[in-house]
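Single-structure report; data block below.
Worth knowing before you read on, the calculation uses all heavy atoms, side chains too, and leaves out hydrogens, waters and symmetry mates. We're numbering straight along the sequence, starting at 1.
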Amino acid sequence: PRPCVADALCARDQRAVDGPHQAEQRRRVLDALGDGHEIAIDPQRRRQQKPALRLEHRDTRAVLDVPQRQPVTGLHEQDGRVCEVLTDEGAVPADVVVLGLGVRPNSGLAEQAGLPIGVTGGVRTDLQMRVVGVPDVWAAGDCVETFHRVSGQPVHIPLGTHANKQGRVAGINIGGRYATFPGVIGTAITMVCDLEVARTGLLEREAAKAGYSYVSATVESNNRAGYFPGAAPMTIKLIAEQHTGQLLGGQIVGTSEAAKRIDVLSVAVWNRMSVAEMTALDLGYAPPYSPVWDPVLVAARRANDAVANTP
């Protein structure tokens with residue numbers, strides 16, 4: 001598919017930061033999987049510069065007018081520099097364009113060698129990371145296909161966390177001991193300026209594709225006690241199986257370390273917890289870190305209500 005304009009980051013570009021010229025520059029990120037964000041933000045972070053505008057979620061005051069999911073048809077240059085991103089719905093001004101389009105498994109050599117290739121394009125392995133049907137050959141990392149613990153379907157999610165674990169499993173088995181790789185749930189986290197975004201498990205469309213009947217619940221809360229300095233809004237969305245209440249997935253958007261709460265959700269997804277069980281989780285509390293009712297617990301209660309009200 002063609003890349004889409006996913007996010008617009010208004011910040012000073014490298015040329016403006018390094019020189020005396022301090023005019024605000026427009027940076028566009030053409031992104032399919034979120035990989036371009038870190039590249040675009042890095043010049044700011046290294047110089048401890050705050051962005052000229054912040055991309056924030058709905059409760060905040062400064063919101064960028066971002067063209068969402070517009071297919072890109074080309075780039076317009078002027079005087080040897082890009083000046084616009086061309087889309088089906090018009091031109092988007094830009095001074096710097098960063099491409100973050102994700103990756104596909106580079107399994108061509110494996111295919112030529114006769115190794116089995118899965119439906120996602122990755123090399124097929126068993127639980128010990130041995131290539132299926134080929135003795136004494138192991139594979140791990142971005143070139144392999146794995147399986148999703150919630151959907152039960154083959155997936156290719158190329159993350160460094162997965163690659164390191166798979167490599168360790170392969171190494172243990174090659175060395176004569178025994179280990180298995182238990183699959184993935186797609187936990188990921190990223191940052192756009194000071195906006196944090198995270199996900200784990202299934203999205204709604206993925207849950208539907210996997211054959212689940214589900215409910216969803218979205219709550220808005222604060223990352224710490226409302227009276228405490230630095231309190232900022234965050235949004236949590238949970239997806240639960242319609243009748244059992246099993247947590248299928250979740251997403252978080254917020255600031256100030258809000259997104260690391262995704263780790264609580266990932267543990268719940270991994271262990272097939274229900275949202276009812278999650279409502280009683282004994283999470284840590286202190287005003288600098290959380291309200292008395294942590295946003296995760298509030299979201300679990302709302303999702304549990306949705307499950308209880310299902311006909």
Side-chain angles (χ1 to χ4, degrees), residues 33-34 127 146-169 172 179-191 196-207 210 212 214-224 234-286 288-308:
L33 296 176
L127 296 179
T146 186
F147 69 95
H148 201 287
R149 288 174 59 91
V150 182
S151 70
Q153 299 173 348
V155 291
H156 176 253
I157 304 178
L159 296 174
T161 50
H162 301 166
N164 275 271
K165 295 168 188 172
Q166 291 169 349
R168 183 175 185 272
V169 168
I172 289 173
T180 60
F181 183 72
V184 301
I185 56 175
T187 304
I189 188 170
T190 191
M191 174 180 280
E196 303 173 5
V197 182
R199 62 160 293 180
T200 190
L202 303 179
L203 305 177
E204 286 195 57
R205 65 176 181 271
E206 294 168 341
Y212 283 107
Y214 63 88
V215 298
S216 65
T218 303
V219 301
E220 298 175 359
S221 184
N222 287 336
N223 61 336
R224 57 192 66 170
M234 60 183 296
T235 302
I236 297 182
K237 179 178 180 177
L238 299 185
I239 301 167
E241 202 276 330
Q242 185 171 344
H243 295 293
T244 67
Q246 176 187 340
L247 182 66
L248 302 178
Q251 300 107 53
I252 299 177
V253 179
T255 59
S256 187
E257 300 181 359
K260 277 300 286 180
R261 282 179 166 86
I262 202 69
D263 290 339
V264 177
L265 301 184
S266 68
V267 170
V269 171
W270 187 272
N271 290 284
R272 297 177 172 84
M273 294 182 65
S274 70
V275 288
E277 292 173 318
M278 290 178 61
T279 61
L281 286 174
D282 191 5
L283 304 182
Y285 162 70
Y289 304 107
S290 170
V292 174
W293 282 96
D294 189 272
V296 168
L297 301 181
V298 177
R301 287 169 50 194
R302 184 74 58 83
N304 189 47
D305 290 343
V307 171

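The side-chain heavy atoms of S221 and W293, taken from C-beta on, include no pair separated by under 4.5 Å. Using a 4.5 Å heavy-atom cutoff, the side chains of R261 and D294 are in contact. Residues V150 and V269 are in side-chain contact: their nearest non-hydrogen atoms beyond the backbone lie under 4.5 Å apart. In this structure, L265 and R199 have side chains that are not in contact, with every pair of non-hydrogen atoms separated by 4.5 Å or more. Side-chain contact between R149 and P182 is present, with heavy atoms from C-beta onward closer than 4.5 Å. Looking only at side-chain heavy atoms (C-beta outward), L281 and L297 come within less than 4.5 Å of each other.
The main-chain N or O of L248 is never found under 3.5 Å from a side-chain atom of Y212 such that the two would form a donor-acceptor pair. N271 places no side-chain N or O within 3.5 Å of a backbone atom of M273 that could act as its donor or acceptor partner. Although no hydrogens or angles enter the test, the distance criterion places no donor-acceptor pair under 3.5 Å between the side chain of R272 and the main chain of Q246. Between the side chain of R301 and the main chain of A303, no donor-acceptor pair closer than 3.5 Å is present. In terms of modelled atom types and a separation under 3.5 Å, the side chain of H162 and the main chain of V184 share no donor-acceptor contact.
Taking all atoms of both residues into account, the shortest heavy-atom contact from V169 to A179 is CG1-O, 3.5 Å. Across all their heavy atoms, A198 and I189 have their closest contact at CB-CG1, 3.9 Å. When all heavy atoms of M278 and L247 are compared, the pair lying nearest together is SD-CD2, 3.6 Å. Residues I157 and H148 come closest through the heavy atom pair CD1-CD2, 4.4 Å. Listed here is the closest heavy atom pair of S290 and G284: CB-O, 4.3 Å. Among all heavy-atom pairs drawn from A259 and E196, the shortest one is N-OE1, 2.9 Å.
With sequence neighbours left out, the side-chain hydrogen bond (donor to acceptor under 3.5 Å, both in side chains) criterion links T187 to T200. Residues meeting the side-chain contact (heavy atoms from CB on, under 4.5 Å) test with S274, sequence neighbours left out: A276, E277. Residues passing the salt bridge (Lys or Arg N to Asp or Glu O under 4.0 Å) test with K237, sequence neighbours excluded: E204. Taking the side-chain contact (heavy atoms from CB on, under 4.5 Å) definition, one finds that Y285 meets it with Y227, P287, V292, sequence neighbours left out. Looking at residues two or more places apart in sequence or on another chain, you find no salt bridge (Lys or Arg N to Asp or Glu O under 4.0 Å) involving E241. For D263, the salt bridge (Lys or Arg N to Asp or Glu O under 4.0 Å) partners are K260, not counting sequence neighbours. Partners of R168 under the side-chain contact (heavy atoms from CB on, under 4.5 Å) rule, at least two apart in sequence or in another chain, are I172. Considering only residues two or more places apart in sequence or on other chains, N304 meets the side-chain hydrogen bond (donor to acceptor under 3.5 Å, both in side chains) condition with none of them. Q166 meets the side-chain hydrogen bond (donor to acceptor under 3.5 Å, both in side chains) test with no other residue; sequence neighbours excluded. The side-chain hydrogen bond (donor to acceptor under 3.5 Å, both in side chains) search around R224 returns S256, not counting sequence neighbours. Residues forming a side-chain contact (heavy atoms from CB on, under 4.5 Å) with A280 (at least two apart in sequence, or on another chain): none.
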- Message: Set out, in order, the CA-CA distance, both residues' side-chain angles and the distance that settles side chain to side chain contact (heavy atoms under 4.5 Å, CB included) for R302 and L238, then state yes or no.
- Response: CA-CA 9 Å; R302 184 74 58 83; L238 299 185; over 6 Å; no

Do T218 and T235 pass the side chain to side chain contact (heavy atoms under 4.5 Å, CB included) test, and can you show the C-alpha distance, the side-chain angles, and the key distance before you say yes or no? CA-CA 7 Å; T218 303; T235 302; 3.6 Å; yes

